[in-house]
Amino acid sequence: MVVTTTRVDTGEPLYSTFASRYVRASLPRFKMPEQSIPKEAAHQIINDEQMLDGNPRLNLASFVTTWMEPECDRLIMSAINKNYVDMDGYPVTTELQNRCVNMIAHLFNAPIGEDEIAVGVGTVGSSEAIMLAGLAFKRKWQNERKAEGKPHDKPNIVTGANVQVCWEKFAKYFEVELKEVKLREGFYVMDPVKAVEMVDENTICVAAILGSTLTGEFEDIKLLNHLLTEKNRETGWSTPIHVDAASGGFVAPFLYPDLEWDFRLPLVKSINVSGHKYGLVYAGVGWIVWRNKEDLPEELIFHVNYLGSDQPTFTLNFSKGSSQIIAQYYQFIRLGFEGYRSIMENCMENAKALKEGIQATGRFEMVSGDVGVPLVAFSLRDSSRYTVFDVSESLRRFGWIVPAYTMPADAEHMAVLRVVIREDFSRSLAERLVSDIRKAVADLDGRWARTAIVAEVKAEDKPGGVVVYRKSVGETTQQQEIYGHRRGRVDQKKTSGVC
């Protein structure tokens, strides 16, 4: 949900060129109109406004899937009117969700047998999944503290400063202290050593990121598990690990099968993953899986007698659509392990081609690594004349949406551009983007040469060949406005995580 604030209606009307053949009266912007209008007019008015949106395929800021096969599109439309929560009315949809949970649990090496039912649930993206995981950790920690007769009012979570904003939301909404390991130049993920040092008796879990939204890198979860195991043995605590695999959960099993980050590590108790990212489903679906049922406190599960049957539920939402669940199941059986692996390999090859093309310009330094999600993050070698924010804005005229942002705490001086490589980003698009980056940089070079503040109004020769330069009041004001404008853009685009 996006919280919006609207000004008092100024009476400014809403016009539509072609809808005028159906309706001539102007429509208010912020109040419901008094009269109905023909369906053709409503469609045209909305369609006209949407033309000003960016092209989703060229939105390289987002991990979210923007293309699916027509067959899946038809399945989505056929289920658009099914309320997922009505499990008694739509038992097959419920069964498809349970199959997805079990497939993901096996993919993440959960310790369950072939015929056992995994513990997990579909969510509205990874944000809800993280809220549910955090609540489970908090409640289990509180129960243990109460049983021991110890204070249970100051829980905390240890994580890196590179976490997505949903972790900050969880901490604020559910009154949990967020203890962040600061970043440093050249190391933009959580340091496991520093993370374990921050753990205390009130730590409900350490949250590790598999696929940082900033650089795409995987955090060293195996080392974290080893260090935390040692600390738990020394202190008698039982601090667990949650893995936020929103971006990397559908990448690592296919590209790095020997990498130990999941339930193969004993302290990993829950994992979330975004189906709408590299799970290859349209926006609106995430997943949370627990190691076993003991890791999800029973008192958090509601048993609702709704529409004819007892329905156990652990969600923050109630009513929601079924389409994304069905779409996820379609992708699992349509692609299989082989298909997902092929797509992820192709994404990484396109990321490599883009990286090499950007490096060949000679104007940028790579910030992202070679192991992680298919992502290219890079910074300007020389930001004295213009910044990555200028490059981002310049690329807009070609249709590209390429985000620019500064790094989180203790690395704020580093500003980068980031390109997410999705399935629908082809090699030809990568080559086109490199070409347009070259054009954007050349244009900025030329613009700087034409508009640079000339320090000389009139050069005056002085004895000894010294040239004195004077600057007019107008030029001084212009220069201050330029630098102030750029500084403002940098300040506005600081981030603790972008999705």
Side-chain angles (χ1 to χ4, degrees), residues 59-64 126 159-168 180-192 194-195 207-221 223-224 243-252 255-256 259 261 273-274 277-278 344 347-359 363-381 383 387-389 391-392 401-422 425 430 433 437 490 493-499:
N59 181 6
L60 307 183
S62 178
F63 288 87
V64 176
S126 276
T159 189
N162 56 314
V163 291
Q164 216 266 352
V165 69
C166 60
W167 283 99
E168 297 178 23
E180 295 184 343
V181 178
K182 303 303 181 184
L183 309 184
R184 62 181 186 272
E185 185 169 354
F187 198 84
Y188 304 113
V189 293
M190 180 179 69
D191 184 336
K194 293 183 178 179
I209 311 290
L210 189 78
S212 169
T213 59
L214 300 176
T215 62
E217 296 173 80
F218 296 158
E219 293 180 346
D220 193 341
I221 302 171
L223 176 59
L224 175 65
V243 178
D244 180 356
S247 300
F250 285 123
V251 175
L255 295 183
Y256 313 103
L259 180 67
W261 62 274
V273 64
S274 291
K277 293 183 180 178
Y278 290 106
M344 298 309 150
C347 287
M348 288 302 291
E349 289 172 3
N350 288 336
K352 181 180 179 181
L354 178 63
K355 177 180 178 180
E356 291 172 351
I358 293 172
Q359 287 177 317
R363 307 300 293 272
F364 299 96
E365 295 283 355
M366 286 298 130
V367 177
S368 53
D370 295 325
V371 177
V373 300
L375 178 158
V376 180
F378 51 103
S379 62
L380 274 169
R381 286 185 174 180
S383 298
T387 69
V388 291
F389 302 100
V391 177
S392 176
I401 302 175
V402 178
Y405 52 88
T406 55
M407 291 293 191
D410 288 5
E412 299 99 327
H413 63 283
M414 175 67 72
V416 302
L417 293 154
R418 189 197 69 183
V419 175
V420 176
I421 310 300
R422 300 188 302 269
F425 186 79
L433 177 58
I437 288 174
V490 171
K493 296 192 179 184
K494 289 182 179 179
T495 180
S496 62
V498 286
C499 58

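We count residues from 1, following the sequence as given. Only a predicted model underlies this, so the values are computations on that prediction, with no experimental measurement involved.
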Exercise. Heavy atoms only: give me the nearest Ser247-Val251 pair and the separation to one decimal.
Key: O-CG2, 3.7 Å
Quiz item: Under 3.5 Å, is there a donor-acceptor pair between the side chain of Gln359 and the main chain of Gly357?
Solution: no
Exercise. Starting from the C-alpha separation in whole Å, work towards a yes-or-no answer on side chain to side chain contact (heavy atoms under 4.5 Å, CB included) for Leu354 and Leu433.
Key: CA-CA 8 Å; Leu354 178 63; Leu433 177 58; 3.9 Å; yes
Self-check item: Taking every non-hydrogen atom, the tightest pair across Phe218 and Gly248
Solution: CE2-CA, 4.2 Å
Quiz item: If you round to the nearest 0.5 Å, how far is CG of Leu417 from CG of Leu60?
Solution: 11.0 Å
Quiz item: Does the pair Leu183 and Met414 meet the rule for a side chain to side chain contact (heavy atoms under 4.5 Å, CB included), with working shown?
Solution: CA-CA 11 Å; Leu183 309 184; Met414 175 67 72; over 6 Å; no
Self-check item: Shortest non-hydrogen separation from Ala377 to Thr215 and the atoms involved
Solution: CB-CA, 4.5 Å
Quiz item: Do the side chain of Arg363 and the main chain of Ile437 share a donor and acceptor less than 3.5 angstrom apart?
Solution: no
Practice problem: Verify, without hydrogens or angle tests, whether Tyr405 (side chain) and Leu214 (backbone) share a donor-acceptor contact under 3.5 angstrom. | Solution: yes
Quiz item: To the nearest 0.5 Å, what is the distance between CD (Gln164) and OG (Ser126)?
Solution: 9.0 Å
Practice problem: Enter the distance from Asp410:CG to Glu185:CD here, rounded to the nearest 0.5 Å. | Solution: 11.5 Å
Quiz item: How many angstroms lie between atom CH2 of Trp261 and atom CG of Leu259, to the nearest 0.5 angstrom?
Solution: 8.5 Å
Exercise. Show the numbers, then the answer: is there a side chain to side chain contact (heavy atoms under 4.5 Å, CB included) between Lys277 and Val373?
Key: CA-CA 11 Å; Lys277 293 183 180 178; Val373 300; over 6 Å; no
Practice problem: Verify, without hydrogens or angle tests, whether Glu219 (side chain) and Ile209 (backbone) share a donor-acceptor contact under 3.5 angstrom. | Solution: yes
Quiz prompt | Smallest separation among heavy atoms of Ala404 and Ser392, with atom names | solution = CB-CB, 4.0 Å
Self-check item: From Trp167 atom CH2 to Asn162 atom CG, the distance as rounded to the nearest 0.5 Å
Solution: 12.0 Å
Exercise. Might you point out which heavy atoms bring Ser368 and Leu375 nearest each other, and give the distance in Å?
Key: OG-O, 3.6 Å
Quiz item: Thr159 side chain to Ala207 main-chain N or O, any donor-acceptor pair under 3.5 Å?
Solution: yes
Self-check item: Check against side chain to side chain contact (heavy atoms under 4.5 Å, CB included), Arg418 and Val367
Solution: CA-CA 9 Å; Arg418 189 197 69 183; Val367 177; over 6 Å; no
Quiz item: Looking only at heavy atoms, which two atoms of Ala411 and Tyr188 are closest? And how far apart?
Solution: CB-CE2, 4.2 Å
Quiz prompt | Approximate separation, where rounding is to 0.5 Å, of Tyr278 OH and Arg422 CZ | solution = 8.0 Å
Quiz item: Quick one: which of Val402, Val416, Ile358 gives a side chain to side chain contact (heavy atoms under 4.5 Å, CB included) with Val376?
Solution: Ile358
Quiz item: Is a side-chain donor or acceptor of Asn350 paired with a backbone partner of Ile421 at a separation under 3.5 angstrom?
Solution: no
